[in-house]
Protein chains: 2
Amino acid sequence: MGQAKQFDSHLLNFLSSVDVASGTPLYQQLQTLLLFAIASGKLKPGDQIPPARELANRINANVNTISKAYRDLVVMGLLYTRRGMGVYVNPDMSERCREDCRRRVIANLAAALTQCRTSGLGDEEIKELVAKLLSSNIPPNAPLPSSFSKFLKS
Amino acid sequence: MGQAKQFDSHLLNFLSSVDVASGTPLYQQLQTLLLFAIASGKLKPGDQIPPARELANRINANVNTISKAYRDLVVMGLLYTRRGMGVYVNPDMSERCREDCRRRVIANLAAALTQCRTSGLGDEEIKELVAKLLSSNIPPNAPLPSSFSKFLKS
DNA sequence: AGTAATTGCATTATACTATGATTGATTTGG
DNA sequence: CCAAATCAATCATAGTATAATGCAATTACT
(Lines give C-alpha, C1' and ligand atoms only; values in the text may rest on other atoms or scores of the structure.)
Protein backbone atom coordinates (compact mmCIF):
# COMPACT_ATOMS: atom_id res chain seq x y z
CA MET A 1 0.00 0.00 0.00
CA GLY A 2 1.48 3.38 0.86
CA GLN A 3 0.78 6.77 -0.63
CA ALA A 4 0.17 6.87 -4.37
CA LYS A 5 2.88 8.66 -6.29
CA GLN A 6 2.18 12.37 -6.21
CA PHE A 7 2.21 14.38 -9.40
CA ASP A 8 2.89 18.11 -9.66
CA SER A 9 -0.01 19.50 -7.67
CA HIS A 10 -0.18 22.86 -9.45
CA LEU A 11 -1.27 21.20 -12.66
CA LEU A 12 -3.45 18.70 -10.84
CA ASN A 13 -5.29 21.52 -9.14
CA PHE A 14 -5.71 23.36 -12.40
CA LEU A 15 -7.11 20.32 -14.18
CA SER A 16 -9.43 19.62 -11.27
CA SER A 17 -11.38 22.78 -11.95
CA VAL A 18 -14.00 20.95 -13.96
CA ASP A 19 -17.71 21.22 -13.34
CA VAL A 20 -19.53 17.89 -13.40
CA ALA A 21 -22.90 19.65 -13.41
CA SER A 22 -22.09 21.97 -16.29
CA GLY A 23 -23.67 19.80 -18.95
CA THR A 24 -20.63 19.80 -21.21
CA PRO A 25 -18.86 16.41 -21.22
CA LEU A 26 -16.02 15.97 -18.78
CA TYR A 27 -13.51 14.94 -21.41
CA GLN A 28 -14.23 18.08 -23.42
CA GLN A 29 -13.75 20.30 -20.39
CA LEU A 30 -10.41 18.66 -19.77
CA GLN A 31 -9.39 19.14 -23.39
CA THR A 32 -10.20 22.83 -23.21
CA LEU A 33 -8.22 23.20 -20.00
CA LEU A 34 -5.24 21.43 -21.52
CA LEU A 35 -5.45 23.47 -24.70
CA PHE A 36 -5.36 26.71 -22.73
CA ALA A 37 -2.60 25.41 -20.50
CA ILE A 38 -0.42 24.60 -23.48
CA ALA A 39 -1.29 27.75 -25.40
CA SER A 40 -0.57 30.00 -22.44
CA GLY A 41 2.75 28.35 -21.62
CA LYS A 42 1.54 27.00 -18.29
CA LEU A 43 2.42 23.63 -19.82
CA LYS A 44 5.77 23.71 -21.56
CA PRO A 45 6.99 21.51 -24.45
CA GLY A 46 8.09 18.15 -23.13
CA ASP A 47 6.23 18.47 -19.82
CA GLN A 48 4.51 15.39 -18.54
CA ILE A 49 0.80 15.68 -17.83
CA PRO A 50 -0.82 13.73 -14.97
CA PRO A 51 -1.31 9.98 -15.51
CA ALA A 52 -4.89 9.18 -16.38
CA ARG A 53 -5.32 7.05 -13.27
CA GLU A 54 -4.12 9.75 -10.94
CA LEU A 55 -6.26 12.51 -12.41
CA ALA A 56 -9.23 10.15 -12.54
CA ASN A 57 -8.78 9.36 -8.88
CA ARG A 58 -8.39 13.02 -8.06
CA ILE A 59 -11.60 14.25 -9.69
CA ASN A 60 -13.59 11.06 -9.07
CA ALA A 61 -13.94 10.22 -12.72
CA ASN A 62 -13.26 7.07 -14.66
CA VAL A 63 -9.87 6.36 -16.16
CA ASN A 64 -11.40 5.97 -19.59
CA THR A 65 -12.88 9.44 -19.51
CA ILE A 66 -9.48 10.98 -18.86
CA SER A 67 -7.84 8.68 -21.36
CA LYS A 68 -10.29 9.74 -24.04
CA ALA A 69 -9.54 13.39 -23.37
CA TYR A 70 -5.82 12.70 -23.75
CA ARG A 71 -6.22 10.44 -26.76
CA ASP A 72 -8.04 13.07 -28.82
CA LEU A 73 -5.27 15.57 -28.14
CA VAL A 74 -2.73 12.93 -29.15
CA VAL A 75 -4.55 12.53 -32.45
CA MET A 76 -4.45 16.31 -32.89
CA GLY A 77 -0.71 16.10 -32.38
CA LEU A 78 -0.64 18.21 -29.24
CA LEU A 79 0.39 15.37 -26.94
CA TYR A 80 2.30 12.17 -27.39
CA THR A 81 2.25 9.06 -25.22
CA ARG A 82 4.87 6.53 -24.27
CA ARG A 83 3.32 3.34 -22.99
CA GLY A 84 4.32 2.60 -19.47
CA MET A 85 5.78 6.08 -19.09
CA GLY A 86 3.11 8.74 -19.43
CA VAL A 87 1.71 11.47 -21.63
CA TYR A 88 3.79 14.47 -22.67
CA VAL A 89 3.38 17.80 -24.40
CA ASN A 90 4.58 17.72 -27.98
CA PRO A 91 7.44 20.21 -28.35
CA ASP A 92 6.58 21.20 -31.91
CA MET A 93 2.99 22.25 -31.42
CA SER A 94 2.89 24.97 -28.79
CA GLU A 95 3.08 27.79 -31.28
CA ARG A 96 0.34 26.43 -33.48
CA CYS A 97 -1.73 25.60 -30.43
CA ARG A 98 -1.62 29.20 -29.30
CA GLU A 99 -2.89 30.44 -32.64
CA ASP A 100 -5.64 27.83 -32.88
CA CYS A 101 -6.67 28.66 -29.37
CA ARG A 102 -6.89 32.35 -30.16
CA ARG A 103 -8.91 31.68 -33.27
CA ARG A 104 -11.40 29.70 -31.25
CA VAL A 105 -11.62 32.38 -28.61
CA ILE A 106 -12.15 35.13 -31.16
CA ALA A 107 -14.76 33.08 -33.01
CA ASN A 108 -16.60 32.61 -29.73
CA LEU A 109 -16.49 36.31 -29.05
CA ALA A 110 -17.75 37.09 -32.53
CA ALA A 111 -20.67 34.72 -32.05
CA ALA A 112 -21.54 36.29 -28.70
CA LEU A 113 -21.45 39.75 -30.27
CA THR A 114 -23.77 38.84 -33.13
CA GLN A 115 -26.11 37.31 -30.58
CA CYS A 116 -26.09 40.63 -28.74
CA ARG A 117 -27.06 42.37 -31.95
CA THR A 118 -29.77 39.84 -32.73
CA SER A 119 -31.27 40.47 -29.32
CA GLY A 120 -31.63 44.12 -30.23
CA LEU A 121 -28.62 45.76 -28.63
CA GLY A 122 -26.94 48.54 -30.59
CA ASP A 123 -23.22 48.68 -31.22
CA GLU A 124 -22.63 51.48 -28.76
CA GLU A 125 -24.62 49.68 -26.10
CA ILE A 126 -22.57 46.56 -26.74
CA LYS A 127 -19.30 48.42 -26.32
CA GLU A 128 -20.56 49.93 -23.10
CA LEU A 129 -21.67 46.50 -21.91
CA VAL A 130 -18.28 45.00 -22.71
CA ALA A 131 -16.46 47.74 -20.82
CA LYS A 132 -18.73 47.26 -17.84
CA LEU A 133 -18.32 43.48 -17.87
CA LEU A 134 -14.55 43.78 -18.07
CA SER A 135 -14.34 46.17 -15.16
CA SER A 136 -16.75 44.38 -12.86
CA ASN A 137 -15.24 40.90 -12.93
CA ILE A 138 -18.42 38.92 -12.46
CA PRO A 139 -17.83 35.30 -11.40
CA PRO A 140 -19.18 32.61 -13.73
CA ASN A 141 -22.72 31.32 -13.02
CA ALA A 142 -23.44 34.31 -10.81
CA PRO A 143 -26.70 36.24 -11.17
CA LEU A 144 -26.40 39.48 -13.08
CA PRO A 145 -25.86 42.47 -10.77
CA SER A 146 -28.64 45.02 -10.75
CA SER A 147 -26.33 47.59 -12.30
CA PHE A 148 -26.81 45.77 -15.59
CA SER A 149 -30.59 46.07 -15.60
CA LYS A 150 -30.49 48.87 -18.15
CA PHE A 151 -29.25 46.35 -20.71
CA LEU A 152 -32.21 44.05 -20.16
CA LYS A 153 -34.91 46.35 -21.45
CA SER A 154 -33.92 48.35 -24.51
CA MET B 1 -53.44 14.94 -52.75
CA GLY B 2 -53.14 18.61 -53.61
CA GLN B 3 -50.73 21.16 -52.32
CA ALA B 4 -50.07 21.06 -48.57
CA LYS B 5 -51.43 24.09 -46.75
CA GLN B 6 -48.88 26.88 -46.87
CA PHE B 7 -47.88 28.65 -43.68
CA ASP B 8 -46.52 32.19 -43.41
CA SER B 9 -43.30 31.85 -45.34
CA HIS B 10 -41.42 34.63 -43.52
CA LEU B 11 -41.42 32.63 -40.31
CA LEU B 12 -40.83 29.35 -42.11
CA ASN B 13 -37.77 30.78 -43.78
CA PHE B 14 -36.49 32.13 -40.49
CA LEU B 15 -36.92 28.80 -38.72
CA SER B 16 -35.28 26.99 -41.60
CA SER B 17 -31.96 28.66 -40.90
CA VAL B 18 -30.74 25.71 -38.86
CA ASP B 19 -27.44 23.97 -39.43
CA VAL B 20 -27.66 20.19 -39.39
CA ALA B 21 -23.88 19.89 -39.34
CA SER B 22 -23.36 22.30 -36.47
CA GLY B 23 -23.21 19.61 -33.78
CA THR B 24 -25.79 21.23 -31.55
CA PRO B 25 -29.08 19.31 -31.56
CA LEU B 26 -31.70 20.41 -34.04
CA TYR B 27 -34.41 20.87 -31.44
CA GLN B 28 -32.15 23.17 -29.42
CA GLN B 29 -31.37 25.31 -32.43
CA LEU B 30 -35.07 25.66 -33.09
CA GLN B 31 -35.73 26.60 -29.49
CA THR B 32 -33.09 29.32 -29.62
CA LEU B 33 -34.52 30.68 -32.86
CA LEU B 34 -38.01 30.75 -31.37
CA LEU B 35 -36.80 32.37 -28.16
CA PHE B 36 -35.14 35.16 -30.11
CA ALA B 37 -38.13 35.53 -32.40
CA ILE B 38 -40.46 35.99 -29.44
CA ALA B 39 -38.09 38.19 -27.50
CA SER B 40 -37.46 40.50 -30.42
CA GLY B 41 -41.12 40.85 -31.32
CA LYS B 42 -40.78 39.07 -34.65
CA LEU B 43 -43.31 36.67 -33.16
CA LYS B 44 -46.15 38.52 -31.48
CA PRO B 45 -48.38 37.30 -28.63
CA GLY B 46 -51.06 35.02 -30.01
CA ASP B 47 -49.26 34.33 -33.28
CA GLN B 48 -49.41 30.80 -34.55
CA ILE B 49 -46.13 29.05 -35.23
CA PRO B 50 -45.75 26.52 -38.05
CA PRO B 51 -47.34 23.09 -37.54
CA ALA B 52 -44.72 20.51 -36.61
CA ARG B 53 -45.39 18.45 -39.72
CA GLU B 54 -44.98 21.37 -42.07
CA LEU B 55 -41.73 22.60 -40.56
CA ALA B 56 -40.43 19.03 -40.39
CA ASN B 57 -41.18 18.58 -44.07
CA ARG B 58 -39.58 21.92 -44.89
CA ILE B 59 -36.24 21.26 -43.20
CA ASN B 60 -36.21 17.49 -43.81
CA ALA B 61 -36.42 16.61 -40.14
CA ASN B 62 -38.68 14.29 -38.23
CA VAL B 63 -41.97 15.49 -36.80
CA ASN B 64 -40.93 14.39 -33.32
CA THR B 65 -37.83 16.53 -33.38
CA ILE B 66 -39.90 19.63 -34.08
CA SER B 67 -42.55 18.55 -31.60
CA LYS B 68 -39.95 18.16 -28.87
CA ALA B 69 -38.64 21.66 -29.53
CA TYR B 70 -42.17 23.04 -29.23
CA ARG B 71 -43.08 20.91 -26.20
CA ASP B 72 -40.17 22.19 -24.10
CA LEU B 73 -41.18 25.78 -24.82
CA VAL B 74 -44.75 24.89 -23.86
CA VAL B 75 -43.47 23.60 -20.52
CA MET B 76 -41.57 26.87 -20.07
CA GLY B 77 -44.86 28.64 -20.65
CA LEU B 78 -43.75 30.47 -23.78
CA LEU B 79 -46.09 28.61 -26.09
CA TYR B 80 -49.44 26.92 -25.70
CA THR B 81 -51.03 24.29 -27.89
CA ARG B 82 -54.56 23.48 -28.94
CA ARG B 83 -54.92 19.98 -30.28
CA GLY B 84 -56.10 19.94 -33.85
CA MET B 85 -55.46 23.66 -34.14
CA GLY B 86 -51.80 24.46 -33.73
CA VAL B 87 -49.18 26.00 -31.46
CA TYR B 88 -49.38 29.64 -30.43
CA VAL B 89 -47.30 32.26 -28.67
CA ASN B 90 -48.42 32.81 -25.10
CA PRO B 91 -49.54 36.45 -24.76
CA ASP B 92 -48.36 36.81 -21.17
CA MET B 93 -44.75 35.79 -21.58
CA SER B 94 -43.16 38.05 -24.17
CA GLU B 95 -41.88 40.53 -21.63
CA ARG B 96 -40.30 37.90 -19.42
CA CYS B 97 -38.94 36.12 -22.47
CA ARG B 98 -37.12 39.24 -23.57
CA GLU B 99 -35.44 39.60 -20.19
CA ASP B 100 -34.48 35.93 -19.95
CA CYS B 101 -33.11 36.12 -23.46
CA ARG B 102 -31.01 39.14 -22.61
CA ARG B 103 -29.65 37.46 -19.52
CA ARG B 104 -28.54 34.49 -21.55
CA VAL B 105 -26.95 36.70 -24.16
CA ILE B 106 -25.08 38.73 -21.58
CA ALA B 107 -23.93 35.59 -19.76
CA ASN B 108 -22.60 34.27 -23.06
CA LEU B 109 -20.76 37.49 -23.69
CA ALA B 110 -19.28 37.45 -20.22
CA ALA B 111 -18.03 33.90 -20.72
CA ALA B 112 -16.46 34.81 -24.06
CA LEU B 113 -14.74 37.79 -22.46
CA THR B 114 -13.23 35.79 -19.62
CA GLN B 115 -12.02 33.28 -22.19
CA CYS B 116 -10.30 36.14 -24.00
CA ARG B 117 -8.58 37.08 -20.79
CA THR B 118 -7.59 33.49 -20.04
CA SER B 119 -5.98 33.28 -23.44
CA GLY B 120 -3.76 36.19 -22.51
CA LEU B 121 -5.48 39.18 -24.08
CA GLY B 122 -5.44 42.41 -22.09
CA ASP B 123 -8.56 44.47 -21.43
CA GLU B 124 -7.59 47.20 -23.86
CA GLU B 125 -6.83 44.65 -26.53
CA ILE B 126 -10.21 43.05 -25.93
CA LYS B 127 -12.02 46.35 -26.30
CA GLU B 128 -10.16 47.02 -29.51
CA LEU B 129 -10.99 43.53 -30.75
CA VAL B 130 -14.66 44.03 -29.95
CA ALA B 131 -14.78 47.33 -31.81
CA LYS B 132 -13.10 45.77 -34.79
CA LEU B 133 -15.41 42.76 -34.81
CA LEU B 134 -18.47 44.99 -34.59
CA SER B 135 -17.41 47.16 -37.48
CA SER B 136 -16.27 44.42 -39.80
CA ASN B 137 -19.39 42.23 -39.77
CA ILE B 138 -17.71 38.87 -40.26
CA PRO B 139 -20.10 36.11 -41.37
CA PRO B 140 -20.38 33.07 -39.07
CA ASN B 141 -18.03 30.14 -39.80
CA ALA B 142 -15.86 32.33 -41.98
CA PRO B 143 -12.07 32.27 -41.60
CA LEU B 144 -10.65 35.18 -39.67
CA PRO B 145 -9.52 38.03 -41.94
CA SER B 146 -5.81 38.73 -41.94
CA SER B 147 -6.42 42.13 -40.37
CA PHE B 148 -6.98 40.28 -37.09
CA SER B 149 -3.60 38.55 -37.09
CA LYS B 150 -2.23 40.99 -34.53
CA PHE B 151 -4.63 39.46 -31.97
CA LEU B 152 -3.31 35.96 -32.56
CA LYS B 153 0.20 36.48 -31.28
CA SER B 154 0.41 38.68 -28.21
C1' DA C 1 -74.90 15.00 -38.39
C1' DG C 2 -71.04 13.02 -40.44
C1' DT C 3 -66.88 12.47 -42.79
C1' DA C 4 -62.34 13.88 -44.11
C1' DA C 5 -58.41 16.75 -43.23
C1' DT C 6 -55.36 19.01 -40.15
C1' DT C 7 -53.04 19.04 -36.05
C1' DG C 8 -50.84 17.84 -31.49
C1' DC C 9 -49.83 13.64 -28.45
C1' DA C 10 -48.05 9.03 -27.00
C1' DT C 11 -45.53 4.90 -27.67
C1' DT C 12 -41.84 2.43 -29.32
C1' DA C 13 -37.45 1.71 -31.78
C1' DT C 14 -32.67 2.86 -33.19
C1' DA C 15 -28.17 4.95 -33.35
C1' DC C 16 -24.83 7.44 -31.11
C1' DT C 17 -22.16 9.08 -27.30
C1' DA C 18 -20.35 9.70 -22.58
C1' DT C 19 -19.02 7.10 -18.98
C1' DG C 20 -17.70 2.89 -16.47
C1' DA C 21 -15.41 -1.98 -15.44
C1' DT C 22 -11.95 -4.85 -16.61
C1' DT C 23 -7.98 -7.00 -18.80
C1' DG C 24 -3.87 -6.81 -21.73
C1' DA C 25 0.58 -4.75 -23.34
C1' DT C 26 4.75 -2.01 -22.66
C1' DT C 27 8.26 0.38 -20.30
C1' DT C 28 11.15 1.35 -16.29
C1' DG C 29 13.62 0.29 -11.90
C1' DG C 30 15.47 -2.50 -8.62
C1' DC D 1 13.74 -11.23 -13.88
C1' DC D 2 10.01 -9.50 -11.26
C1' DA D 3 7.08 -5.76 -9.66
C1' DA D 4 5.07 -1.42 -10.34
C1' DA D 5 3.37 2.15 -13.21
C1' DT D 6 1.27 3.45 -17.21
C1' DC D 7 -1.23 3.58 -21.69
C1' DA D 8 -4.32 0.65 -24.84
C1' DA D 9 -8.17 -2.14 -26.01
C1' DT D 10 -12.43 -4.44 -25.30
C1' DC D 11 -16.92 -4.76 -23.61
C1' DA D 12 -20.97 -3.01 -20.96
C1' DT D 13 -24.41 0.57 -19.57
C1' DA D 14 -27.10 4.80 -19.36
C1' DG D 15 -28.78 8.70 -21.43
C1' DT D 16 -30.26 11.32 -25.43
C1' DA D 17 -31.35 12.83 -30.20
C1' DT D 18 -33.79 11.28 -33.87
C1' DA D 19 -37.11 8.39 -36.29
C1' DA D 20 -41.55 5.47 -37.43
C1' DT D 21 -46.08 4.94 -36.49
C1' DG D 22 -50.65 5.06 -34.67
C1' DC D 23 -54.07 7.71 -31.63
C1' DA D 24 -56.97 11.75 -30.18
C1' DA D 25 -59.03 16.15 -30.77
C1' DT D 26 -60.63 19.98 -33.40
C1' DT D 27 -62.33 22.11 -37.52
C1' DA D 28 -64.45 22.63 -42.08
C1' DC D 29 -67.37 21.26 -45.47
C1' DT D 30 -71.06 18.71 -47.28
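We use all heavy atoms of the structure for the numbers below, so side chains are in, but hydrogens, waters and symmetry mates are not. Everything quoted here is computed from the prediction, not taken from an experiment. So you know, we letter chains A, B, ... as the sequences are listed, proteins then strands, and number each from 1.
- Rounded to whole Å, atom P of C:dT27 lies 16 Å from atom CD of A:Gln48.
- For the pair A:Leu33/A:Phe14, a side-chain contact is recorded, criterion being any heavy-atom separation below 4.5 Å from C-beta on.
- Applying the 4.0 Å criterion to OP1 and OP2 of D:dA8, one finds that A:Thr81 has a side-chain N or O inside that range.
- Side-chain N/O atoms of B:Asn13 and B:Arg58 include a donor and acceptor closer than 3.5 Å.
- Under the 4.5 Å side-chain criterion, counting only non-hydrogen atoms from C-beta, B:Glu128 is in contact with B:Phe151.
- A:Arg117 and B:Asn137 share a side-chain donor-acceptor pair at under 3.5 Å.
- Using a 4.0 Å cut-off, some side-chain N or O of A:Arg82 falls inside it from OP1 or OP2 of C:dT28.
- When distances are taken from the side chain of B:Ala52 to each of C:dG8, C:dT27, D:dA8, the shortest belongs to C:dG8.
- Remark: C1' of C:dA18 and OH of A:Tyr70 are 17 Å apart, rounded to the nearest angstrom.
- Out of C:dT28, C:dT26, D:dT6, the shortest distance to the side chain of A:Pro51 is found at D:dT6.
- Contact check for B:Ser147 versus B:Lys132: side-chain heavy atoms found under the 4.5 Å cut-off.
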(request) Summarise how protein sits on nucleotides 11-21 of chain D as a single string, 5' to 3': B when a protein heavy atom is under 4.0 Å from the base, S for sugar-phosphate-only contact, - for no contact. (result) ------SSBBB
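- Taking atom OH of A:Tyr80 as the reference point, atom P of D:dT6 lies 16 Å away to the nearest angstrom.
- With 3.5 Å as the limit, one finds no donor-acceptor pair spanning the side chains of B:Asp19 and B:Gln29.
- Side chains of B:Leu133 and A:Thr114 form no contact here, defined as non-hydrogen atoms less than 4.5 Å apart.
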Please produce a list of atom pairs where a protein N or O lies less than 3.5 Å from an N or O of nucleotides 1-3 of chain D.
none

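- One side chain, A:Asp72 or A:Gln31, offers a donor N or O that lies under 3.5 Å from an acceptor on the other.
- Contact of B:Arg53 with C:dG8 (side chain to base): a donor-acceptor pair of N or O atoms is detected under 3.5 Å.
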